[in-house]
Amino acid sequence: MHTIVLGVIGSDCHAVGNKILEKVFSDAGFKVVNLGVMVSQDEFINAAIETNAKAILVSSLYGQGELDCEGLREKCIERGLDKIILYVGGNLVVGKQDFDYVEKKFKDMGFDRVFKPDVDLIEVTKLLKDDIEQRFGNKDSK
Amino acid sequence: MHTIVLGVIGSDCHAVGNKILEKVFSDAGFKVVNLGVMVSQDEFINAAIETNAKAILVSSLYGQGELDCEGLREKCIERGLDKIILYVGGNLVVGKQDFDYVEKKFKDMGFDRVFKPDVDLIEVTKLLKDDIEQRFGNKDSK
Amino acid sequence: MLINDCKISQTSFFQEREEVLKTWSTGKDVNIDEAIEYHKNLPEGKIFSKVMKRADDNSQTLIQPRAGVALLGEHIQLLQYLQQEADLLPTTIDAYTRQNQYIEAEKGIEKSKAAGRSLLNGFPAVNYGVLPCRNVIESVSKPVQVRHGTPDARLLAEITLASGFTSFEGGGISYNIPYAKKVPLEKSINDWNYVYRLAGFYSENGAIINIEPFGPLTGTLVPPFISNTIAIIEGLLALKQGVKSITLGYGQLGNLIQDVAAIISLKELANEIFKENGLFDYELTTVFHQWMGGFPDDESRAFAVISWGAATAALSKATKVIVKTPHEAMGIPTKEANLQGLKATKQMVNMLSDQVMYQSDLLIHEIGMIKKEVRYLLNRVTEIGDGNLKDGVIRAFEAGILDVPFAPSIYNKGKLIPVRDNDGAVRILDPGFVPMEPEVLSYHKEKIEQRARIEKRTPNYQMLVDDIYAISKGRLVGRPRK
Amino acid sequence: MLINDCKISQTSFFQEREEVLKTWSTGKDVNIDEAIEYHKNLPEGKIFSKVMKRADDNSQTLIQPRAGVALLGEHIQLLQYLQQEADLLPTTIDAYTRQNQYIEAEKGIEKSKAAGRSLLNGFPAVNYGVLPCRNVIESVSKPVQVRHGTPDARLLAEITLASGFTSFEGGGISYNIPYAKKVPLEKSINDWNYVYRLAGFYSENGAIINIEPFGPLTGTLVPPFISNTIAIIEGLLALKQGVKSITLGYGQLGNLIQDVAAIISLKELANEIFKENGLFDYELTTVFHQWMGGFPDDESRAFAVISWGAATAALSKATKVIVKTPHEAMGIPTKEANLQGLKATKQMVNMLSDQVMYQSDLLIHEIGMIKKEVRYLLNRVTEIGDGNLKDGVIRAFEAGILDVPFAPSIYNKGKLIPVRDNDGAVRILDPGFVPMEPEVLSYHKEKIEQRARIEKRTPNYQMLVDDIYAISKGRLVGRPRK
Ligand code: B12
Ligand code: B12
């Protein structure tokens, strides 16, 4: 069972999607550590280290994700999480913007995958399994 | 009192605007000869000749005005109405199209003025008075 | 009321038929027996009557756009595009074909080809003929209806029904009075009896054709009892010719209670009257038209008008709703704008499909009122026709007993004057020659006076003009301009 | 129910005030006496309470957008653009300011300047301070309200009220439980009592400040009796501190009858309870929020949701409606999209303003039901607080007696589970620890079971998830996926 850390970053209080993500990823066989809303970069990283997680799934709905996510990858590397998978999803920037632009922006920040709000979550659970196996090998090691 | 001829051209049955135009132009002091809906080019011209009208106001709502109005100016000239003022208004072409394009198209056909559906009709009565005076002089002659 | 109109005899029908098929070259390709077989082989999901019946049984409200362009390939693409959202498909016919001006239509096709865009405001089905029209039916997966406005639709019906269209809109009054100037009612009713008989013939032979009288008429402040009366008359005439699937329609006026009452009373009273006349072998469904008068030209405002129509349709439990588009005030919509109207409508209809209809005193009163008015008027029409509905209709229009506001036909008196009351319901300011029971008429007048008092003016032509523009200028009741 | 909460004393208020104004540099520019004079010189048309009162007297429904961007000049332009259609203006505050993270907000301003677009999701009023904020008020011609979601809004209130904003949204529960994670209720209620006292002080000195508790809470399937209870509690707390103009709110759920009943019962019951508590010197108005949960991302569908909200608001005769935009599912709207939402709403509200509300048995029943539920719950809250409302609220949340679905706060139990019934009304599947009279609870359960039977499944978490997605996926009730 792979452990993953889940949370809504920054000062963002949108709680509904977060509760659904927890449910979907648990049902799909992940061990989900859900930090809920308003999670700082450090809280994400601490939880990932403590639980030996393979991935951090960041949500941002409120538009300021662009500011909140900056530097997360670097901080992960600093703290020794050099292989950790980073996903991000939600309404990532302020306003209705072209998704290609948004995707590139967050990939440039070091996220492995970037998702729109209406993504099919079952698909994401599959992607995540594949990504974990590819990056960590088929065994349950970090 | 200037006489004007009013009608909806072609196979067009839209009657509501026509009734309002009759009212507005009568109230503004014109003698209105209203031919109603489904009026052919010949009917317009015959009426204009018979009543010694200074202007023909063509409506077209149903989109096929582009086809119906072709050649009206030429026919007027042929029949001796060489000075008559031609106005046209309504939903003149098929579809929501750029008004500049529509205006040019109908001006090229020989219409003196071209109007959108939401035109202020009181303004039009003033324009028409001016246009008549300019073309026919201030006296009541043709 | 009991009527004595009879079914056209087989012989005279087939005699007339021969003449009809000769009126344009494509008529010769119609083979009715083969056509009936063709219909019988259509899958259920492509048969209008079936899909309507199922929706009615499930209290669902289906959605249908208007759409038609000059060129065949583009028309097919248009319908394929719209069926992603539409439950039922249309084929709207161009205005030349509606006047049987097939030569003009032919020119329109040619010029459209040259211009690379449709110069006709619809699809000229007669000019294309049976096989090209079947192409339409075979290229889509939903039932397709012919929508038009043709006083003499005999050839159009022959060709489109033979092509596999399973529904045909119109009637001898509703496709004459609002759509024509000089066509006598005698002629249009006869011609439509022919169409009904043709549909009846198909139906009796196992290929049920749905018939839909055009409810909204001029779409402009037509009081519900006028349009419902005409709808029921056309329904009766159709059933008398053997039609078995009938959809009666009504055009939204904007006041929720009046609109819901109109649909409910239409269905209930039609059933009563059909049965009184010994007609039992039919399926009756209803259609609600989103506001048919002048639209706001701003697209966001148009969306609100569309949505309100969708909401009212759903709350009235009409079997289907005909959908407008955000381009309505401007011109025939692009396919994208057409889809937008469908999407807004679908969202609304779905959100409301789960809601029960409220029963309020006001609603019950309004339903009762409309029924009473319609019965009274129907009785006058039958009386003046000595029991014959066709004669009654002709004489009634002549006498102004039937009268449709803003109609272009010279056979319509145009003396009845409607205006909105203070709640936006359409009432009678002046009945002209339309017979109304005194207490009913005074109810209308009271309602209008209430508005007049609030607006501090006497009801007159200006009030009517204000009402005509009201929705396009952003409200329902045309309040005095400041 | 009678409560014994008292007004903050002048001394302790001004003591606290000193501290508050020190929490950010702009605090020092606040001069309350000068500010009150400033308010008194505002024209009536720019004073929120006046405009709301007039609308209420005329049974009008006003429309108001949400809007706020990082940079002052752009924010002003945005409001100037929106006032062409809006009756009331907002200034939506960014999420850093809401958490009192003024340093982050400052960075956000800088980065927005650099990026040439707003990177903040609102206007950081505290960072700008009094004079720049007055610029906002002076650049527009309609009343402006501060809209946010700030648990500790003391400094924000000081600065914006001093700047001439005449209305302030929020409350100690409604701006904590849905918006924060770890802020104790004791703190947020105290901080909001401060804000109310501040507004009360202005009001007592002739500058009436309108206060608007945030009715929709999490915007996601919150049953009307929960949100109405909290709205009335916040109204009581505000009035106790001297507030004189109060607007209570509710977020649309989608079922027409339930929504209209919610607004009617909210206003009626609030008046009853305020008066029972000896409070008479106030003006009460209402606000209806268009659907606050997940929106469809297609813009045409969003227009339908917006329009349905507008229609319901108008039929409920709410004093104003807060308007969504066709961009809702995607992100903060452009000014154009914002205007589109306003235009659709205005069209709808105007078309329906002329229509009377129907009185149906269902509606009357639903109103009675909500009133009964709210009274019962309010009594439990006061009981557990030994007559003190603040204590009651704190203890009630602790015990799960007050419980808001989907709230992020750790001080909220989250045990109450709502789902829609078969008509789309939101009912209680599991009350958790929320006290409900047995016959009331069984009414809810019956309603849900009816739906469950029709859907052939037992009500469970999946049903709830289906309901959460329903509107964004095109319907109201989350039917099982096929
Ligand atoms: C009501 C209506 C009908 C009614 C008409 C009843 C009747 N007999 O009058 C019915 C239902 C019968 C009908 C039928 C059809 N209609 Co129609 N109809 C409308 C509608 C909704 C309102 C028209 C109206 O009455 N407006 C109110 C009056 C006051 O405004 P008005 O007509 O625009 O007239 C004013 C101005 O245009 C201007 N004006 C007009 N002429 C002139 C001339 C001058 C010189 C000046 C200065 C000003 C001026 O002043 C008038 C008074 O204010 C319009 C769309 C809209 N506007 O919302 C479509 C519309 C006009 N119809 C349309 C069409 C296509 C048809 C049909 C062909 C059916 C179809 N394909 O769906 C048939 C026509 C058949 C035929 N033979 O003509 C299209 C035209 C498309 C285009 N141009 O691209 C429109 C625009 C709808 C659309 N978007 O598709 N229609
Ligand atoms: C409900 C709601 C609220 C409620 C939240 C209640 C609560 N505590 O949960 C309230 C009213 C409190 C609220 C407040 C605010 N909101 Co809000 N809110 C919404 C709304 C309408 C629905 C959100 C929702 O619950 N959706 C349902 C769930 C199931 O979907 P979801 O949240 O999108 O989550 C799914 C996906 O995004 C995806 N996903 C999310 N994260 C991830 C991560 C990964 C790895 C993957 C694979 C997938 C994934 O999966 C989730 C489950 O399906 C949205 C707009 C919309 N979507 O219609 C705005 C919206 C998110 N809010 C917005 C804003 C701006 C705010 C505010 C700042 C207020 C304001 N300015 O108006 C405040 C935020 C304050 C704060 N500190 O955060 C904006 C964000 C703008 C932007 N990005 O440009 C939105 C988009 C509205 C808008 N168009 O302006 N909001």
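None of the values given here were measured: they were computed from a predicted structure. In what follows, chains are A, B, ... by sequence order, proteins preceding strands, each numbered from 1.
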Task: Exam field: side chain Thr220(C) to backbone Thr218(C), donor-acceptor pair closer than 3.5 Å - done: yes
Task: Per-residue contact mode, Gln64(B) against chain C (heavy atom under 4.5 angstrom) - done: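 Both the backbone and the side chain of Gln64(B) come within 4.5 Å of chain C.
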Open item on the list: Can you confirm whether the side chains of Gln101(C) and Ser11(B) place a donor and an acceptor under 3.5 Å from each other?
Closed with: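 Indeed, the side chains of Gln101(C) and Ser11(B) share at least one donor-acceptor pair under 3.5 Å.
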Task: Tyr62(B) and Asp68(B): side chain donor to acceptor below 3.5 Å - done: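 Yes - a donor-acceptor pair under 3.5 Å links their side chains.
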Note: [X]-[Y] ion pair, threshold 4.0 Å (strictly below):
X	Y	result
Lys104(B)	Asp108(B)	yes
Lys126(B)	Glu123(B)	yes
Asp112(B)	Arg135(B)	yes

Looking at [X] and [Y], what are the two nearest heavy atoms and their distance?
X	Y	result
Val183(C)	Ser188(C)	CG1-CB, 4.2 Å
Leu35(B)	Glu43(B)	CD1-O, 3.7 Å
Ala67(C)	Leu78(C)	CB-CD2, 3.7 Å

Which bit of [X] comes within less than 4.5 Å of chain B, counting heavy atoms only: side chain, backbone, both or neither?
X	result
Ala329(C)	backbone
Glu299(C)	side chain
Arg117(C)	side chain
Glu104(C)	neither
Leu120(C)	both
Pro178(C)	backbone
Pro408(C)	both

- [ ] Between chain B and each of Lys181(C), Lys182(C), Gln99(C), count heavy-atom pairs under 4.5 Å; write down the option with the most.
- [x] Lys181(C)
Open item on the list: Give the interface residues of residues 87-98 of chain B toward chain C, defined by a heavy-atom separation under 4.5 Å.
Closed with: Asn91(B), Val94(B), Gly95(B), Lys96(B), Gln97(B)
Open item on the list: Strictly less than 4.5 Å between heavy atoms, which residues of residues 14-23 of chain B line up against chain C? Please order them by number.
Closed with: Ala15(B), Val16(B), Lys19(B), Ile20(B), Lys23(B)
Open item on the list: One pair to check against salt bridge (charged side-chain N to carboxylate O under 4.0 Å, His left out): Lys75(B) and Asp42(B). What are the steps and the verdict?
Closed with: CA-CA 8 Å; Lys75(B) 220 176 237 173; Asp42(B) 284 335; 3.8 Å; yes
Open item on the list: Parallel, tilted or perpendicular: which one describes the rings of Tyr175(C) and Trp192(C), with boundaries at 30° and 60°?
Closed with: perpendicular
Open item on the list: Once rounded to the nearest 0.5 Å, what's the spacing between atom NZ of Lys413(C) and atom CD1 of Ile410(C)?
Closed with: 11.5 Å
Task: Verdict with supporting geometry, Asp466(C) and Arg475(C), salt bridge (charged side-chain N to carboxylate O under 4.0 Å, His left out) - done: CA-CA 10 Å; Asp466(C) 291 340; Arg475(C) 51 188 314 144; over 6 Å; no
Task: Qualifying residue for side chain to side chain donor-acceptor pair (under 3.5 Å) with Thr91(C), from His148(C), Arg147(C), His75(C) - done: His75(C)
